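Okay, structure first, notes after.
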Amino acid sequence: MPELPEVETVRRILSKEITGKQITGVTFRDFPGVVGDMDPEVFRAMVVGRTLEAPLRRGKYLSIPLDDDLTLVIHLRMTGRMLVLPANTEPVRFEHLALHLDGDIDLRYADQRKFGRLLCLEHEAAVAALAKLGPEPLERAFTSRYLISKSSRRTAPIKNFLLDQRVVAGLGNIYVDEALFQARIHPLTPAGELSTEEAARLVRAIRRILRSATERQGTTFSSFENPYGEGGANADFLRVYGRANRGLPCTRCGTSLEWFKLGGRGTSVCPNCQQLPISGTG
DNA sequence: TGTTATGTTGCCAT
DNA sequence: TATGGCAACATAAC
């Protein structure tokens, strides 16, 4: 669920609520593995007494520096949630970790499917962990020129290519389908066959979609909620995701949307607005 | 009651 | 290196 707009929504709220607070204690619940291979007691000893600095986001990763040489690196994967709650609030469903902070508030981590992780790393290791990521799609380095050069000679479908976090950081299944629809590019188009015009449309579409979704505090399709437990408002604005599998009409041309699987991911398209290029090799 | 789907990523085989 | 399949897990919907 959480893609760039959702993680950014979490970051903004955490920035307001936890920056400058000291960790006074840690409670592990049913899944201590949430901190990775690290022994929970080691984790506790490392973080208690430290002060949380302003949280940062890189792609779908959240990182929270701790004074002065450690960083919490967090990935929510499919169903991870960060919650800010008053101290002594009952554990929420699927809660795995609570960081108790001064000022009587808790930062809780809950995760139904247990795919997400909250790692405590030396600062340098944290930087290294994020170094593999491609450019931020909302920053200047993400241009159609970059996309064209990176996709050159790549035969993988453009959708798979864009989901590769080493290409661009932060797109997931929802926003990739939305961006390809808005750019009128079929998800199966070989990445290396993008024209310069298509690449330019795609970059503009990705930026527009991520910006507006972030303004709406993310997409709550089934389960995303921000650290206050509130959903985002973007679901009502999706053009293909969640509509194609119900056979609803395209909002642009009225053709019935189509749904198929691509690399194990549900994929939503308008077969009229998004057409495959005629292949040069037959 | 079984089957299939779910927003992510890393590992493994080819 | 590029690509594709699948596992990690819990639940909901059909």
Side-chain angles (χ1 to χ4, degrees), chain A residues 1-10 29-37 57-62 73-82 92-96 109-119 128-134 149-181 187-193 209-210 213-214 216-226 231-247 259-268:
Chain A
M1 150 219 315
E3 307 179 31
L4 187 153
E6 291 75 31
V7 179
E8 177 62 16
T9 297
V10 171
R29 306 278 175 191
D30 66 310
F31 179 58
V34 67
V35 297
D37 295 332
R57 183 193 55 74
R58 183 77 173 84
K60 303 175 195 172
Y61 286 85
L62 206 55
V73 175
I74 303 160
H75 199 299
L76 304 174
R77 292 284 191 110
M78 300 279 267
T79 50
R81 287 184 298 154
M82 307 274 335
V92 300
R93 196 138 121 101
F94 308 116
E95 181 174 316
H96 304 312
Y109 181 83
D111 191 346
Q112 178 190 123
R113 291 173 74 178
K114 304 179 185 173
F115 294 161
R117 293 293 181 268
L118 190 154
L119 306 179
L130 304 180
K132 61 188 175 184
L133 295 172
S149 84
K150 193 80 176 172
S151 62
S152 166
R153 292 182 298 280
R154 295 283 293 267
T155 59
I158 184 65
K159 171 165 175 173
N160 300 28
F161 178 74
L162 293 172
L163 286 172
D164 184 341
Q165 303 297 299
R166 296 169 298 187
V167 170
V168 57
L171 288 174
N173 204 40
I174 294 178
Y175 297 116
V176 112
D177 277 8
E178 293 295 313
L180 287 168
F181 170 77
L188 287 172
T189 306
E193 290 183 22
I209 278 166
L210 295 178
T214 304
R216 298 182 186 119
Q217 300 195 72
T219 298
T220 296
F221 196 73
S222 58
S223 66
F224 170 73
E225 51 183 48
N226 70 27
N234 195 61
D236 293 342
F237 296 84
L238 299 176
R239 307 284 293 274
V240 287
Y241 184 92
R243 291 173 48 83
N245 57 353
R246 291 187 283 153
W259 188 93
F260 61 96
K261 282 218 151 193
L262 205 186
R265 322 293 299 276
T267 298
S268 303

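Lettering of chains follows the sequences in order, A, B, ..., and the numbering in each one begins at 1. No hydrogens, no waters, no symmetry mates; every other heavy atom, side chains included, goes into these values. This is a predicted model, so every value here is computed, not measured.
- The distance from atom CG of A/Leu118 to atom P of B/dT8 is 19 Å, rounded to the nearest whole Å.
- Comparing C/dA2, C/dA8, B/dT9 by their nearest atom to the side chain of A/Arg265 picks out B/dT9.
- Counting to the nearest Å, the P atom of B/dT8 and the CG atom of A/Asp111 are 13 Å from each other.
- Following rounding to the nearest Å, A/Leu162 (CG) and B/dT8 (P) show an atom-to-atom distance of 13 Å.
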Steps toward side-chain contact (heavy atoms from CB on, under 4.5 Å) verdict (A/Leu62, A/Val10): CA-CA 9 Å; A/Leu62 206 55; A/Val10 171; 3.8 Å; yes
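- Between A/Glu225 and A/Arg81, at least one side-chain N (NZ, or NE/NH1/NH2) sits under 4.0 Å from a carboxylate O, which counts as a salt bridge.
- Across all strands, A/Gly116 comes closer than 4.0 Å to no nucleic acid atom at all (heavy-atom distances).
- The side chain of A/Pro157 has C/dG4 as its nearest neighbour among B/dT6, C/dA10, C/dG4.
- Side-chain atoms of A/Arg113 stay outside donor-acceptor range of the base of C/dT11, with no qualifying N/O pair under 3.5 Å.
- One atom, OH of A/Tyr61, and another, P of B/dT8, lie 12 Å apart when rounded to the nearest Å.
- Taking for each of A/Arg93 and A/Arg77 the nucleotide of DNA chain C with the nearest heavy atom, the 5'-most of the two is the partner of A/Arg77.
- Comparing B/dT9, C/dA10, B/dG10 against the side chain of A/Lys132 picks out B/dG10 as the nearest.
- Judged by a 6.0 Å distance limit and a 45° cone about the ring axis, A/Arg216 is positioned over the six-membered ring of A/Phe237.
- Taking the six-membered ring for Trp and the full ring otherwise, A/Phe94 and A/Phe31 have centroids separated by 6.0 Å or more.
- Put simply, A/Arg153 has no side-chain N or O that comes within less than 4.0 Å of OP1 or OP2 on C/dA2.
- When the C1' atom of C/dT11 is taken as reference, atom CE of A/Met78 falls 12 Å away, rounded to whole Å.
- Taking every side-chain heavy atom of A/Gln112 into account, C/dA10 is the closest of B/dT6, B/dT8, C/dA10.
- Contacts of A/Glu6 with the nucleic acid, taken as non-hydrogen atoms under 4.0 Å apart, are absent.
- Pairing partner, B/dC11: C/dG5, with both Watson-Crick or wobble hydrogen-bond distances short of 3.5 Å.
- Of the candidate nucleotides B/dT6, C/dA2, B/dT9, C/dA2 has the atom nearest to the side chain of A/Thr155.
- Distance A/Phe224 CZ to B/dT6 C1': 16 Å, rounded to the nearest Å.
- The nearest whole Å value for the distance from the CZ atom in A/Phe115 to the P atom in B/dT6 is 13 Å.
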